[in-house]
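What you see below is based on every heavy atom in this structure, not just the backbone, and it leaves out hydrogens, waters and symmetry mates. Order of the sequence lines fixes the chain letters, A, B, ..., with proteins taken first and strands second; residue numbering starts at 1 for each chain.
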Amino acid sequence: MARKIIVLGEVRDGSLRNVSFEAVAAAKIASEGGEVVGVLIGDSVSALSGELIHYGADRVITVEDEKLKQYTPDGYSQALMAIVDAESPEGLVFGHTSLGKDLAPKVAAKLNSGLISDVTGLEVAGGNLVFTRPIYSGKAFEKKIVTDGLVFATIRPNNISPLEKDESRTGEASSLSVDIKDLRTVIKEVVRKASEGVDLSEAKVIIAGGRGVKSEEGFEPLKELAKVLNGAVGASRGACDADYCDYSLQIGQTGKVVTPDLYIACGISGAIQHLAGMSNSKVIVAINKDPEANIFKVADYGIVGDLFEVVPMLTEEFRKILVNA
Amino acid sequence: MNIYVLMKRTFDTEEKITISGGQINEDGAEFIINPYDEYAIEEAIQVRDAQGGEVTVVSVGNEETEKQLRTALAMGADKAVLINTEDDLDYGDQFTTAKILSEYLKDKDADLIIAGNVAIDGGSGQVGPRVAELLNIPYVTTITKLDIAGSNATVVRDVEGDSEVIETTLPLLVTAQQGLNEPRYPSLPGIMKAKKKPLDELELDDLDLEEADVEAKTKTIEIYLPPKKEAGKVLEGELADQVKELVNLLHTEAKVV
Ligand SMILES: Cc1cc2nc3c(=O)[nH]c(=O)nc-3n(C[C@H](O)[C@H](O)[C@H](O)COP(=O)(O)OP(=O)(O)OC[C@H]3O[C@@H](n4cnc5c(N)ncnc54)[C@H](O)[C@@H]3O)c2cc1C
Ligand SMILES: Cc1cc2nc3c(=O)[nH]c(=O)nc-3n(C[C@H](O)[C@H](O)[C@H](O)COP(=O)(O)OP(=O)(O)OC[C@H]3O[C@@H](n4cnc5c(N)ncnc54)[C@H](O)[C@@H]3O)c2cc1C
């Protein structure tokens with residue numbers, strides 16, 4: 001069944017987030033040969049329309065307004081509902097990001113629709129569009145279908161491959177003017193803590209430190225390694241509780257859920273609540289001086305040793321091959 | 001201040017998970033208050049203690065949910081309400097739960113509703129914002145701080161590690177993130193008192209809801225465990241050789257670098 005699917009592109013610091021291209025790819029599958037319409041909302045976003053089309057959107061609609069400079073659920077839902085009214089799509093796809101998690105349930109409630117959240121895969125099987133998502137903190141998976149109304153999903157970053165970028169692709173870019181009214185929540189201030197360097201939830205490589213890192217300075221070798229691999233630094237709650245790093249780095253059941261291509265756990269014991277946040281990573285490496293540590297049970301590769309010795313050696317070795325590459 | 005907390009009874013995901021008959025096996029499993037809802041209950045109690053008023057904890061569940069509701073009362077909530085769907089519904093999704101909760105709440109004149117930001121079993125994070133929209137009140141998700149002055153609220157929201165300071169007004173729904181507070185344990189006197197606190201039980205009928213009004217929009221067709229990972233490879237030999245081998249494996253075999 002061919003469908004028209006709306007994809008919300010997410011802009012951060014003036015560029016599209018990678019998860020938006022993944023969402024376009026997911027929408028392509030969900031459209032079953034129908035149309036993928038990209039949507040960009042903000043104060044100045046239309047310059048990014050072309051890129052969304054290069055990644056596979058058939059056309060793009062932008063809504064620009066001073067009041068949409070920052071995300072608020074009221075502002076964005078008004079813009080989105082105006083587009084839904086104009087386009088009557090059969091489905092919507094957002095990223096399962098802070099913004100997507102906040103906005104999608106509100107829009108679903110407005111549309112009296114279902115919503116399948118945190119999707120890691122989708123396919124057409126047996127005549128159905130089937131979504132896969134983790135449940136029980138990643139310890140199990142469920143497959144879900146829509147039984148009534150719109151196909152609406154948020155997709156987890158780093159799980160669905162974006163389409164190849166094709167700069168020769170063209171498509172219509174239009175704008176819709178929407179009268180944005182009362183915003184009931186007002187952002188007074190944004191305190192940036194996490195945004196230096198690569199975004200943890202979208203990073204392809206994560207170097208995570210635990211209590212074994214022993215101090216704030218102990219994170220330095222991990223940062224070096226992350227720099228060489230163009231990755232992000234993460235942490236266990238053990239490290240956060242001990243004040244070695246900010247809570248914004250915490251990975252796990254109560255922190256961020258990540259699925260990078262490569263996760264290197266340094267001085268992390270592998271408590272169940274930590275595994276909940278990273279066990280679905282593609283390749284896991286454990287560096288721990290205790291050969292009995294639980295983290296080795298989920299690791300693809302392990303080195304038993306002192307992280308302060310191993311991590312700098314790894315950095316050196318990667319530097320060599322990446323320079324030669 | 002008229003405060004409501006939305007509470008879900010969840011499977012303790014520290015437990016080992018097995019599947020039987022296509023369902024998560026619940027025999028002998030430990031059930032708990034969803035950890036984020038503990039933050040919600042704690043915050044509600046603190047706001048009440050500072051501003052006066054009453055805390056009511058509401059859950060859509062079955063008879064067994066009474067246990068977690070009693071725990072919430074023992075922590076210090078004033079009243080509990082169980083919306084028992086056992087006899088009426090076989091299946092439900094987030095649409096179902098949010099619809100039931102909003103029908104219950106719509107004439108309660110709540111000033112503040114606190115939910116968890118996500119349930120650790122179902123994991124969608126939908127119920128809070130859905131309920132706020134159905135009640136047509138503002139919401140702020142994943143909050144780490146809440147200050148209320150009169151009918152104004154200042155809230156700190158966690159946005160992937162950054163913090164937003166948000167101003168808004170009551171009535172308001174917020175969802176709790178880790179860091180909001182340290183939930184208390186029920187005290188012995190608390191547990192004794194909880195036995196005498198009101199725990200009302202309602203069914204769909206009492207909310208003038210028909211089965212068709214809350215029929216799920218989505219359906220689970222399969223539940224499975226992730227493929228068992230093969231035992232990992234712990235490297236051996238001289239440390240320098242191990243490091244070289246690891247880099248080589250990641251670069252040429254796993255191709256992740
Ligand atoms: C409700 C709840 C929610 C939680 N949520 C989370 C969560 O989201 N994320 C999370 O991470 N935790 C969470 N936890 C905490 C979790 O249970 C563990 O306490 C925590 O993950 C432990 O952190 P750690 O592995 O850094 O510390 P530890 O368990 O102390 O492990 C430190 C490890 O470092 C190793 N080590 C020490 N020195 C070195 C060295 N020089 N070189 C190499 N290795 C070394 C040790 O062998 C040890 O294995 C939660 C707990 C609860 C109860
Ligand atoms: C009649 C019925 C039958 C169901 N049958 C199934 C089934 O067969 N299989 C299945 O997987 N799921 C079933 N569910 C559960 C449903 O799919 C969701 O788990 C539930 O709606 C909550 O979604 P979530 O777990 O994603 O919670 P989230 O949206 O992540 O929860 C966020 C917050 O919302 C609040 N909240 C969530 N659920 C409740 C609740 N029940 N009561 C009060 N507050 C709540 C809590 O504050 C929680 O922290 C059923 C639900 C109902 C009502």
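- Ranked by heavy-atom pairs shorter than 4.5 Å toward chain B, the options N280(A), I187(A), I284(A), N128(A) are led by I187(A).
- Residue contact with chain B, scored on non-hydrogen atoms closer than 4.5 Å, is absent for R156(A).
- Both cation-pi conditions hold for K217(B) and F95(B): the charged atom is under 6.0 angstrom from the six-membered ring centre and inside a 45 degree cone around its axis.
- By a heavy-atom distance cut of under 4.5 Å, I120(B), D121(B), G122(B), G123(B), S124(B), G125(B), Q126(B), P129(B), R130(B) are the residues of residues 116-131 of chain B near chain A, going up by number.
- Residue L275(A): no heavy atom, backbone or side chain, is found under 4.5 Å from chain B.
- A salt bridge links E160(B) and R17(A); the closest N-O separation between the charged side-chain nitrogens and carboxylate oxygens is under 4.0 Å.
- Contact of L239(B) with chain A is made through backbone and side chain together, with heavy-atom distances under 4.5 Å.
- Residue pairs meeting the salt bridge (charged side-chain N to carboxylate O under 4.0 Å, His left out) criterion with at least one member in residues 94-110 of chain A, sequence neighbours excluded: D74(A)-K106(A), D102(A)-R157(B), K106(A)-E133(B), K110(A)-E133(B).
- Interface check for chain B: of the options A271(A), S98(A), G305(A), the most heavy-atom pairs under 4.5 Å are formed by S98(A).
- If you measure heavy-atom distances from S201(A) to chain B, the contacts under 4.5 Å come from the side chain alone.
- Proximity to chain B (any heavy atom under 4.5 Å) is shown, for Q70(A), by neither the backbone nor the side chain.
- Ranked by heavy-atom pairs under 4.5 Å with chain B, the list T254(A), I135(A), V304(A) is led by T254(A).
- With respect to E245(B) and K233(B), a salt bridge is recorded, a charged nitrogen being found less than 4.0 Å from a carboxylate O.
- Only the side chain of Q178(B) comes within contact range of chain A, with heavy atoms under 4.5 Å apart.
- A salt bridge between D13(A) and R192(A) is present, with a side-chain N of the basic residue lying under 4.0 Å from a carboxylate O of the acidic one.
- Heavy-atom distances place both the backbone and the side chain of F141(A) under 4.5 Å from chain B.
- Residue S77(A) does not touch chain B at all, counting heavy-atom pairs closer than 4.5 Å.
- The pair D147(B)-K145(B) meets the salt-bridge criterion, with a side-chain N (NZ, NE, NH1 or NH2) lying under 4.0 Å from an Asp/Glu carboxylate O.
- Within the 4.5 angstrom heavy-atom criterion, no atom of V107(A) approaches chain B.
- Contact annotation for L314(A): both backbone and side-chain heavy atoms come within less than 4.5 Å of a heavy atom of chain B.
- In this structure, a donor-acceptor pair under 3.5 Å is absent between the side chains of Y91(B) and T96(B).
- Each of D118(A), V119(A), I116(A) was evaluated against I155(A); a single residue qualifies, V119(A), per the side chain to side chain contact (heavy atoms under 4.5 Å, CB included) test.
- Comparing K297(A), E316(A), Q250(A) by how many heavy-atom pairs each has under 4.5 Å with chain B, the most go to Q250(A).
- Chosen from G149(A), A299(A), A104(A), A140(A), the residue pairing most often with chain B at heavy-atom distances under 4.5 Å is A140(A).
- K108(B) forms a cation-pi arrangement with Y104(B), by the criterion of a distance under 6.0 Å to the ring centre and an angle within 45° of the ring axis.
- Heavy atoms of Q273(A) lying under 4.5 Å from chain B belong exclusively to its side chain.
- The candidate with the highest count of non-hydrogen atom pairs below 4.5 Å against chain B, out of D261(A), I272(A), T185(A), V285(A), is T185(A).
- T175(B) contributes a side-chain N or O that, together with a main-chain N or O of T142(B), makes up a donor-acceptor pair within less than 3.5 Å.
- With a 4.5 angstrom heavy-atom cutoff, V283(A) touches chain B only via side-chain atoms.
- For K282(A), the part sitting under 4.5 Å from any heavy atom of chain B is the backbone (N, CA, C, O) and nothing else.
- Proximity to chain B (any heavy atom under 4.5 Å) is restricted, for S281(A), to the backbone atoms N, CA, C and O.
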